[in-house]
Amino acid sequence: MSQSTVPCYTIINSPDLEVPNEMQLKQDLEKGDTNVKIDTLKKVIQLLLNGERLSGLIMTIIRFVLPVQNHTIKKLLLIFWEIVPKTSPDGKLLQEMILVCDAYRKDLQHPNEFLRGSTLRFLCKLKEPELLEPLMPSIRACLEHRHSYVRRNAVLAIFTIYKNFDWLVPDGPELIANFLDTQQDMSCKRNAFLMLLHADQERALNYLASCIDQVNNFGDILQLVIVELIYKVCHANPAERSRFIRCIYNLLNSSSNAVRYEAAGTLITLSSAPTAIKAAAGCYIELIVKESDNNVKLIVLDRLIAMKDNDNMEKVMQDLVMDILRVLAAPDIEVRRKTLALAMDLVSSRNINEMVLVLKKEVSKTHNVEHEDTGKYRQLLVRTLHSCSIKFPDVAASVIPVLVEFLSDTNELAAADVLIFIREAIQKFPSLRGLIIGHLIEAFPQIKSSKIHRAAVWILGEYVDDKGQILEVIDVITQTLGEIPMVEAEQRRLAGDQTEEEMSSANQTPAAQTTSNSKVTSDGTYATQSAFSVAPVAKKEKRPPLRQYLMDGDFFIGAALSATLTKLVLRYADLEAEVRSQNRLSTRVMLIMSSILHLGKSGFPTKPITNDDTDRIFICLRTLSERTEEAVEVFKRYCREALGKMLDAQSEEDQRVLKEKQKAAAKVQPDDPVLFSQLSNGRENQLGENVFESSLNQALAGTKSTNMSDITSPNNKLNKVTQLTGFSDPVYAEAYVNVNQYDIVLDVLIVNQTNDTLQNCTLELATLGDLKLVERPHPVVLAPHDFCNIKANVKVSSTENGIIFGNIVYDTSINTNVVVLNTIHIDIMDYIIPATCTDTEFRQMWQDFEWENKVTVNTTFTDLHEYLKHLLKSTNMKCLTPEKALSGQCGFMAANIYAKSIFGENALANLSIEKPVDDPDSKVTGHIRIRAKSQGMALSLGDKISSSQKLCVQAS
């Protein structure tokens with residue numbers, strides 16, 4: 001075996017290990033007791049792993065350590081013989097290894113089953129056929145050992161030897177097939193069947209056909225191998241599907257969740273029949289419901305989503321919406337979010353009513369439940385019911401009463417989503433306006449948030465068009481405002497509070513009572529006992545909600561109230577012919593407005609009224625007193641038209657996004673080329689992939705959406721190659737950086753450009769930032785002009801920029817040389833993906849995140865839109881501000897940008913830039929404010945923006 005292909009073993013970190021003298025090691029191994037020999041052997045193993053060459057110790061260990069029958073020494077010797085160099089520099093086997101071979105032949109015949117089994121496992125790692133050949137009779141004899149541990153390891157040893165050196169055991173498949181027929185232990189049968197699967201599929205199929213009716217009684221480890229065999233055979237030969245499809249159906253009822261998952265994945269790749277799709281989807285749903293691990297739930301949910309994205313399966317899965325909703329019993333918010341999104345995509349007019357009933361029950365379950373995710377879940381339920389009502393207007397009437405209850409919820413986000421739904425429903429469904437208005441008036445006094453009250457007031461003022469309802473709305477507003485005029489009421493309240501304080505501070509209050517009674521003491525005499533009691537002072541009355549907002553200084557709600565009352569009075573004037581009634585209502589409303597103005601200037605509130613709110617209330621008063629035609633039209637018509645245009649724009653945007661997704665969806669046409677998995681770039685439908693490979697990838701690296709780089713795509717791979725040394729250096733090196741979800745794999749190519757043999761060529765790496773080197777690469781030997789690939793793993797724990805640096809050390813016949821490597825910069829963009837969120841969520845996160853980084857715009861761009869495009873491209877973020885809001889040229893631009901990392905961290909940015917309109921050659925100026933939950937995220941993103949700006953300046 002070439003020295004360049006020596007395997008890299010696990011590194012045992014020993015920073016405090018001192019390199020002892022080889023003579024001292026020999027003495028300890030020769031004369032020390034058992035414990036000394038154990039400690040010395042551990043030191044020798046660590047030294048070998050760290051690159052030391054201790055060839056002089058091999059005979060010492062054979063003579064003085066190998067005969068010892070201690071189990072700990074036996075296990076350590078297995079590690080030692082695995083890693084110690086077994087060949088001379090010219091590639092020939094060392095003579096001493098013949099003695100080792102004889103010792104392990106004796107261990108293979110040892111009566112202790114542990115020694116036999118562990119020795120067999122060790123032989124699986126040997127790559128020298130000269131050592132294995134004399135051991136073959138003993139290995140074959142172990143197949144008949146009484147203990148299953150020995151037998152199953154003997155099968156593995158024969159499998160490995162047959163795979164690497166088939167001439168050592170030419171009858172391996174036949175031997176294992178006969179062994180399989182006589183075995184009862186499931187672990188032995190599994191290993192034997194696994195060998196036949198890879199070595200002789202025909203024999204494996206014959207065995208499976210002979211016991212296909214008994215598969216359900218096998219152990220799960222054997223069932224998994226059977227599923228793998230069926231998958232491979234049926235994909236290689238589709239005619240075999242009818243032979244084994246029933247077996248896969250039976251395995252859907254296995255007691256093992258792993259077997260059921262693999263069987264379901266295999267079934268949908270083998271058959272597109274509706275019964276098969278329904279059975280596989282039902283199996284997935286049962287797994288999600290019964291499995292407690294949230295990661296498993298998410299992985300299986302992704303499989304269901306992949307099935308939904310397949311046009312042939314979507315129609316079948318529409319009948320399973322109610323079963324999918326059973327997953328809502330899971331406590332994890334991410335599982336619930338994916339489940340609701342999947343159900344919303346699959347629901348149809350046939351089962352929308354049943355789905356709404358389930359969602360109503362889920363809403364009732366969240367009442368009086370204190371959990372950190374309860375508010376988020378209620379918000380998800382509101383949005384789902386909203387989508388149901390818009391998608392299926394027939395259920396809107398039954399949804400509205402449920403959603404209106406959320407207006408009094410303490411979770412402001414859920415209540416805001418309800419009002420967004422009500423605003424859209426009342427605009428799109430005129431037949432439901434009476435129902436919505438009635439429920440909204442009923443819930444109005446119970447609302448607890450100023451923002452929610454403000455939005456509810458606007459809806460009432462815009463859509464109440466019945467004379468009786470107008471008076472009812474004004475009454476409920478007056479009720480939630482309290483006594484009018486407010487300043488006089490607050491003065492009386494203040495005077496009453498002072499009086500109560502004076503009375504309570506007096507020695508005797510009018511409510512105090514003194515009582516006395518006689519009591520017999522312990523010595524028989526009489527004594528008088530007096531009791532002084534004070535009647536409890538009445539608590540201060542709680543202000544009505546709208547009055548409390550005004551007293552807290554929130555006069556924006558007062559301006560909104562004034563606009564709403566103005567609309568109601570103007571509409572009432574069109575409905576009521578009697579002038580006296582019109583004037584009575586108008587004066588009542590004007591009194592409320594003037595009372596709000598007076599309260600704002602009185603000094604009672606914590607904050608005085610702002611000039612902006614004052615101007616708006618004055619405009620309302622002036623409109624009611626003068627009734628000019630232009631002002632009346634603004635209040636009566638233009639506001640509703642503006643809402644209609646906004647909703648239409650949102651609908652157009654949703655349709656545009658949907659069309660883009662449909663265009664991006666992969667459609668197979670008759671003239672499309674055939675895809676070969678070995679030559680493809682990995683972007684084919686997930687359901688067409690090897691289910692075992694995809695399952696492993698999902699378990700190790702997350703879902704397919706987090707695959708930031710495609711290893712098999714040559715373009716992506718070339719873009720991620722970093723040159724580490726120069727072309728004129730004696731050793732040339734370059735690294736391909738493959739970023740996975742939680743780690744980085746460095747595939748380093750090292751080329752010996754000299755005419756000398758490089759001994760102990762070692763790649764030494766170190767990291768800066770939140771990176772950690774997992775293992776130290778093993779030293780290699782490079783022949784003249786030879787090359788090799790060395791892989792190193794780096795652990796990543798957060799979204800921050802990092803640096804990997806190091807050097808290459810090698811020995812020649814003359815001296816030791818060092819080649820310093822260029823640094824590898826790990827880009828934060830490898831972890832960031834564009835994401836979306838609502839404006840409300842963006843503002844909430846902006847308020848909650850404590851780390852902010854402000855970056856000044858320094859660029860050569862002269863167009864605001866071009867700079868925004870450049871920023872989005874360089875940061876891999878998404879602009880949340882609608883395109884229509886950014887259109888046109890007005891000299892300035894403000895936009896919200898958002899992204900999410902693969903670790904679940906959020907990154908927010910606000911862009912504020914400007915340039916003179918009259919000077920087309922002037923450069924864009926402004927700043928970018930970045931906010932994140934962690935300091936590293938904010939700083940790294942800021943550094944990325946700054947570096948991209950520098951590149952633009954240098955390029956210009």
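For clarity, every value in this text was computed on a predicted model and none was experimentally measured.
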Name each donor-acceptor pair under 3.5 Å that joins a side chain in residues 593-600 to protein atoms two or more places apart or in another chain, with its distance.
unit_1: S594; atom_1: OG; unit_2: M590; atom_2: O; d: 3.0
unit_1: S594; atom_1: OG; unit_2: L591; atom_2: O; d: 2.9
unit_1: S595; atom_1: OG; unit_2: M486; atom_2: N; d: 2.8

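Between L868 and I897, the shortest heavy-atom distance links the atoms CD1-CD1, 4.4 Å. Across all their heavy atoms, T566 and T623 have their closest contact at CG2-CG2, 4.3 Å. What you find for A932 and A938 is that their closest heavy atoms are CB-N, 3.9 Å. The nearest pair of heavy atoms linking A909 to M877 is CB-CE, 4.1 Å. Taking each heavy atom of A907 and L941 in turn, the nearest pair found is CB-CD2, 3.9 Å. Residues L550 and P605 approach most closely at O-CB, 3.4 Å, considering heavy atoms.
Between F861 and Y867, the ring-plane angle classifies as perpendicular under the 30° and 60° cut-offs.
Among residue pairs with one or both ends in residues 907-916, those qualifying as side-chain hydrogen bond (donor to acceptor under 3.5 Å, both in side chains) are N896-N910, N910-S912; sequence neighbours excluded. For residues 922-932, every residue pair satisfying the salt bridge (charged side-chain N to carboxylate O under 4.0 Å, His left out) rule, not counting sequence neighbours, is listed here: E852-R929, E852-R931. Within the structure, side-chain hydrogen bond (donor to acceptor under 3.5 Å, both in side chains) contacts touching residues 552-563 (residues at least two apart or in different chains) are S450-D554, Q548-D552.
With sequence neighbours excluded, the residues forming a ring-ring contact (aromatic ring centres under 6.0 Å, His included) with Y549 are H453, listed by chain and number. K933 is linked by a side chain to side chain contact (heavy atoms under 4.5 Å, CB included) to F849, counting only residues two or more places apart in sequence or in another chain. Residues satisfying the side chain to side chain donor-acceptor pair (under 3.5 Å) criterion with D848, sequence neighbours excluded, are Q844. Residues that satisfy the side chain to side chain contact (heavy atoms under 4.5 Å, CB included) test with E334, not counting sequence neighbours, are L298, D332, R337, K338. Remark: I420 pairs with H386, D417, R423 by the side chain to side chain contact (heavy atoms under 4.5 Å, CB included) rule, at least two apart or across chains. Shown here are the salt bridge (Lys or Arg N to Asp or Glu O under 4.0 Å) partners of D729, two or more places apart in sequence or in another chain: there are none. A search for ring-ring contact (aromatic ring centres under 6.0 Å, His included) contacts involving F556 returns nothing, not counting sequence neighbours. For K601, the side chain to side chain contact (heavy atoms under 4.5 Å, CB included) partners are I609, T614, not counting sequence neighbours.
For T564 (side chain) and V457 (main-chain N/O), a donor-acceptor pair under 3.5 Å exists by modelled atom type. Counting only distance, with no hydrogens or angles, the side chain of T725 and the backbone of A733 share a donor-acceptor pair below 3.5 Å.
Two residues are said to be in side-chain contact when any heavy atoms from C-beta on lie closer than 4.5 Å; I945 and I930 meet this criterion.
Taken from CG in L871 to CD1 in I928, the straight-line distance is 4.5 Å, to the nearest 0.5 Å.
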